[in-house]
Amino acid sequence: MELPKNYNPSEFESTIYKKWEASKCFTPEPTTEKSPFCIVIPPPNITGQLHIGHALNNTMQDIIIRHKRMQGFAALWLPGTDHASIATEAKIVDALKTNGQTKKDIGRTEFLKLAFEWKEKYGGKIVLQLRRLGCSCDWTREQFTMNDTCSRAVNDVFVKLYRKKLIYRGNRMINWCPNCKTALSDAEVEYSQKAGHMWYIKYPFENNTGYLTVATTRPETMFGDTAVAINPEDPNLSKFIGESVKLPLTDKVIKVIGDTYVEIGFGTGAVKITPGHDPNDFEVGLRHNLPIITVMNEDGTMNELAYFCAGDDRFVARKKVISALTEQGLLEKCEDYSHNVGECQRCGTVAEPRVSTQWFVKMSPLAKPAIKVVKDRRIVFIPDRFQHIYFNWMNNIRDWCISRQLWWGHQIPAWYCESCGHITVETKTPSKCASCGSTILKRDEDVLDTWFSSALWPFSTLGYPKMTKDLKYFYPTNVLVTAYDIIFFWVARMIFSGLAHMGEIPFPEVLIHGLVRDSEGKKMSKSAGNGIDPIDLIDRYGADALRVSLITGMAPGSDIRFGEEKMEPSRNFLNKLWNASRYVLANIKDTTIIDLADLKLTTAEKWILHKMNKTISEVNGNLRKYELGLGYAKIYDFIWTDLCDWYIEISKPSLYGSDVKMHDQTISVLVYVLKAALKLLHPFAPFITEQIWNEIRDDQDSKFLAVAKFPSSNTKFSFSKDYKRFENIKGIIRALRNARAEYALPPSKTVKIYIQTLDKSYIKKNLSHIYKLAHVTSAEFVTDKSQIKEKTISITLDNNEILIPLGDLVDIKKELERLNKEISKVTLEVNRGQNILANEGFISKAPKQLIAIETEKLNANTELLTKLQAKYSEITDKNSGL
RNA sequence: GGGAGCAUAGCUCAGCUGGGAGAGCGCUUGCCUUACAAGCAAGAUGUCACAGGUUCAAGUCCUGUUGUUCCCACCA
C-alpha cells in the first residue's frame with residue numbers, strides 16, 4: 001500500500017482506463033433492478049481532433065454519468081462519431097487533388113471506398129482522445145452515423161416522412177456553396193458584416209424619355225434581371241409602373257412592376273428584380289410570374305447568359321460589369337456600403353442564392369409539437385433562457401433543404417423511373433417502378449444533410465426502427481449536454497425527430513454550456529493560432545487537472561476563458577490530495593480499521609464527520625441541478641481546507657504517538673473520510689481517485705471506485721453541537737496564531753497560555769490540538785485573570801479569554817492598536833444588530849429563526865464589546881503613568 | 001429591426017430559491033513544522049456599472065440609463 005512520492009498522472013492514467021474498459025465498468029445491462037440513465041454523446045466529426053470545447057462538453061457529460069453510475073443507475077453513455085459529409089468529402093477531394101485526380105475521375109464507388117478507408121484509418125483518433133480524457137463511454141455500443149444501424153434509421157425515417165408528405169422535392173431558391181458545389185441549409189450559412197459598395201445604375205426607359213436608377217450591391221447579377229420594381233404607393237415613382245426599361249449591357253427590355261416589397265425612400269426607390277439570384281426577388285418573381293434566369297454556374301462562374309462575362313468568376317464579372325457601365329455612362333455613382341454577406345459554414349466561401357431542385361423537409365407540422373413540449377416544460381433547457389433561442393428559431397422555421405450534391409453520406413433512397421418519371425421511395429432498392437412497373441430506375445445521386453442523421457441520434461443509436469431492448473430501456477434518454485451554438489443544428493432537430501418517429505421526447509433536459517475562449521476572450525481557432533491542444537495539456541498535467549480546470553468557476557451557459565495558467569492550481573490541488581493520501585497510507589500499516597459505529601468519537605472527529613456529511617449533502621444537491629462548478633468548489637474546499645489543513649494536522653499527534661488505540665481510532669476516521677472524499681471527487685477527477693482507491697480500498701470495498709456507491713448524507717454523522725464547539729477551538733487556534741504573527745514569534749518559540757472560560761470541559765478535552773497547532777506548551781485555567789502577575793497580551797473571544805505571558809515582549813502600543821481594531825469591528829457589528837432589531841418591520845415580518853439568530857448575535861457582540869472596552873481602559877489606566 | 005447575456009478584489013471569475021461579500025492567481029509578512037515549497041501560517045484589498053423602484057431586508061427581484069459581448073432577421 002504505497003503511492004510514489006510524486007503525483008505523476010502520466011504514469012497511471014492510461015493503465016487505469018484500460019482496466020475500466022476491460023472490466024466492463026461502463027457497459028450497463030438493461031435490467032429492472034436498476035433505473036436507466038442515458039446520455040448520448042454529441043458525436044464528434046470523424047475528421048476532428050479533440051479540441052478544448054470537446055474537452056469541456058465531454059467532461060461535463062462524464063461527471064454527470066459517473067455520478068449517476070455511482071448512485072446505482074444503469075448508466076449508459078452512448079458514444080459514436082459523425083460522418084461529417086462536407087468536411088470528410090473535402091478531405092478526400094483534397095487527397096485526390098494531390099494525385100491530380102478529381103472525384104469524377106474515379107467515380108462514386110471508388111470514391112466511397114476511399115472515404116471508408118480514410119475513416120478507418122483516421123476516424124478513430126478522436127475516440128481514442130476521449131478515452132484519454134477519461135470519458136466513461138460504453139465503447140461496446142459505439143455507433144457511427146453511417147454504419148448499418150444508423151443508416152437503417154435514416155432510410156426508414158426518410159421513407160416515412162416522404163409517405164406522410166413531409167419530405168418533398170421542389171425547385172426552390174436555396175443557399176449554394178460554389179466551392180463545395182452543393183446546396184446548404186439556411187443554418188449552414190453564416191452572415192457577417194462586410195465592407196462593400198452600393199452601385200447606382202441607370203436603366204434607360206425603352207422610349208428614351210430618361211432613365212430609372214436602381215441601386216445594387218451585386219451588379220454582376222443584372223444579366224438575370226427580369227423586371228424593375230417600384231412600390232405602388234411611391235408618390236414620385238409609381239407613375240412609371242407599367243413602363244419598360246432597357247437592361248443595360250444587354251439587348252433586353254424588362255417591365256417596371258409594382259410591388260410593396262420595395263421600401264419607399266430606401267436607395268432610389270427602384271429595385272432591379274433578379275429572381276434567379278436573390279431570395280426576395282425570387283418571391284417577387286413568383287408573384288408577378290417573372291421568368292427565372294440563372295446566369296451563374298455551380299462553381300460561381302458566369303454562364304453563357306452573362307454576355308461578355310461568360311466564363312468569368314462572379315467577382316471578376318462584377319468588375320467587368322462596372323467598367324462597362326462606366327464606359328457607357330450608365331453608372332450614376334458608387335457608395336461605400338457595409339452589408340451582410342453569407343458564407344459557407346464549412347469553407348468560408350461566399351454563398352450564392354441559387355434556384356435548383358432539391359429535397360426538403362416540410363417543417364411546420366413537425367415544429368408545432370416540438371414547440372409545445374418545450375412550452376409545456378416536458379423538455380427544459382438549463383439555463384432556462386436558452387429556450388428563447390429555441391422558440392425564436394422554431395417559430396420562424398422554414399423548410400429544411402436536406403439534399404447535398406455530395407457522395408459521402410446517406411444516398412437519398414429515391415429512384416426515378418426512366419420511362420414514366422415516377423419517383424419510387426423505398427428503404428431498399430426497388431426492383432421496379434411503383435407506378436408503371438418499368439425496371440429501368442435511376443437512383444437519386446444526392447446524399448442527405450449530415451444533420452439529418454444526427455437528428456435521429458438519440459434513437460438510431462439505440463436500434464431504431466427495431467424496438468430493441470436498449471431502445472425500450474434507455475429511450476427517452478435523460479439529459480443532452482451541448483454548447484449553445486448547436487441548438488438549431490442539432491437540439492431542435494432531435495426534438496422534432498424524436499416526437500415524430502418515437503412519439504416521445506428524446507430527453508427531458510438539455511444542459512447548455514458556453515464556448516471556450518482564450519485568455520483574452522477570443523474564440524479559439526487554428527488560424528488565429530490561439531488554440532490550446534487538450535491532449536498536450538493532458539500529457540503535461542494529466543487529464544484530471546484538465547477536467548477540473550475546465551469546471552472550476554464555470555457558470556451554466558456562459559462562455560469560459562481558458563488558458564494554460566488555469567492548469568497549475570488544479571494540478572496543485574490534485575497533488576495535495578495525492579500527498580494527503582500518501583500520509584494516510586503511510587500510517588495505515590499494522591492498524592486495525594474500526595467501524596465508526598464502535599468508536600467513541602472525539603470532538604474533532606465529530607467535527608470532520610459533520611463537515612463531510614454537510615459537504616456530501618450539498619454536492620449531491622449541486623450535481624442534481626447540474627451545478628458542476630459549485631459542487632466541485634465544495635469538494636475542493638472540503639479536501640483542502642477541512643481535511644488537509646485541519647483534520648490531518650489534528651491527526652498527527654495520535655498517528656505519530658505510541659497510543660495504539662488512539663492511532664487505530666484516528667486512522668479509522670481518517671480512512672473513512674478520505675474514502676468519502678475520493679468518492680465525491682471521482683466524477684470530476686476519475687483517474688487520481690481511482691489510483692488512490694486502489695491502494696486504500698479493503699476487501700469489503702468495491703474493486704473499482706468508478707462503480708462504488710456515491711455517498712449520500714446520513715443523520716448519524718450529524719453532530720451540530722460538537723461541530724460548533726470545534727469551530728470555537730479553531731477560533732482559539734486562529735486567534736493565537738494571529739497574535740503570534742503580530743509579535744513575529746517563530747514556531748520554534750513556544751508559549752504557555754492562561755485561559756479564562758465559562759465552559760472549560762470541551763476546551764480541556766481539545767487542549768492538545770491547541771498545543772500542537774498554535775505552538776503552545778501548557779495552559780492554565782484561571783478564574784480571575786488579575787491573579788496573573790506576568791505581563792501578558794490577551795485575546796478576547798465570545799466566551800473565552802486567552803492570555804499569553806510574553807514578558808518584556810509585550811508592547812502596550814501594539815496591544816492598544818489591536819484592541820482598537822477589534823473594538824471598531826465589533827462596534828460595527830453591534831450597531832448593525834441594534835439597527836436590525838430596532839426595526840419594527842423586521843421584528844414583525846422576518847422569520848422567527850432569523851430574529852433569534854440576530855438577537856443571539858447582538859447579545860454576544862455586546863458582551864464582547866463590553867469586555868474589549870473594559871480591557872482597553874484597564875490597560876490605559878495601568879499605563880497612564882508611563 | 002427583434003432577442004439574450006455580461007458589468008463583483010489588481011487579473012480571471014463564482015455567488016443556487018432575497019437574510020452579515022467569496023475562490024484562484026497576484027500582493028505583503030513569517031516559516032524547509034517527518035503528506036505536500038506543486039507546501040504551511042498570518043494578512044491587505046470591494047460605493048457588487050449608474051439611477052430609480054419593490055421589500056423589514058437587494059450583489060441577488062422589477063424598471064430605466066450607460067458600456068460591452070453574442071444570437072436571429074434584414075432594405076436592393
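- Picking from B:C40, B:A76, B:G19 the nucleotide with the shortest atom distance to the side chain of A:A215 gives B:A76.
- Within 4.0 Å of A:K652, counting heavy atoms only, lies at least one base atom of the nucleic acid.
- As judged by a 4.0 angstrom heavy-atom cut-off over every strand, A:R624 is placed among residues making no nucleic acid contact.
- For B:C31, neither phosphate oxygen OP1 nor OP2 lies less than 4.0 angstrom from any side-chain nitrogen or oxygen of A:K749.
- Rounded to the nearest Å, the gap between the C1' atom of B:A23 and that of B:G15 is 10 Å.
- Taking 4.0 angstrom as the limit, A:N738 places none of its side-chain polar atoms (N or O) nearer than this to OP1 or OP2 of B:A41.
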Base-pair string, RNA chain B, Watson-Crick plus G-U, cut-off 3.5 Å on both distances, | for inter-strand, is (((((((..((((.....[..)))).(((((.......))))).....(((((..]....))))))))))))....
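- Separating the CD1 atom of A:I733 from the P atom of B:C40 is a distance of 17 Å, rounded to the nearest angstrom.
- If you run side-chain contact (heavy atoms from CB on, under 4.5 Å) between A:I512 and each of A:I389, A:I486, A:T482, only A:T482 comes through.
- Taking the six-membered ring for Trp and thresholds of 30 and 60 degrees, A:F386 and A:Y484 have nearly parallel ring planes, at less than 30 degrees apart.
- Using a 4.0 Å heavy-atom distance criterion, A:F573 is classed as making no nucleic acid contact.
- Just one residue in the list A:T552, A:N622, A:I63, A:L550 forms a side-chain contact (heavy atoms from CB on, under 4.5 Å) with A:L628, and that residue is A:I63.
- Within the nucleic acid shown, A:Y337 comes within 4.0 Å of sugar-phosphate atoms alone, with no base atom in reach, counting heavy atoms only.
- In this structure, A:R737 reaches the B:A42 phosphate: one of its side-chain N or O atoms is under 4.0 Å from OP1 or OP2.
- The side-chain tip of A:K730 points at the ring of A:W646 from less than 6.0 angstrom away and within 45° of straight on.
- Both tests hold for A:R493 against A:W400: distance to the six-membered ring centre under 6.0 Å, angle to the ring axis within 45°.
- Nearest nucleotide to the A:Y7 side chain, out of B:A76, B:C36, B:A38: B:A38.
- Counting non-hydrogen atoms under 4.0 angstrom, A:V584 reaches nothing in the nucleic acid.
- Distances shown here put every side-chain N or O of A:N579 at or beyond 4.0 Å from the OP1 or OP2 atom of B:G39.
- If you check B:G24, B:C72, B:C40 against the side chain of A:N392, the one that comes closest is B:C72.
- A side-chain contact (heavy atoms from CB on, under 4.5 Å) with A:M222 is found for one member of A:T274, A:T216, A:L325 and no other, namely A:L325.
- Figure legend: A:K272 and A:Y203 shown without cation-pi pairing, the cationic atom not lying both under 6.0 angstrom from the six-membered ring centre and within 45 degrees of its axis.
- Across all strands, A:E649 comes closer than 4.0 Å to base atoms (heavy-atom distances).
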Nucleotide by nucleotide, nucleotides 3-15 of chain B touches protein heavy atoms under 4.0 Å in the pattern (B base, S sugar-phosphate only, - none) -SS------SSSS
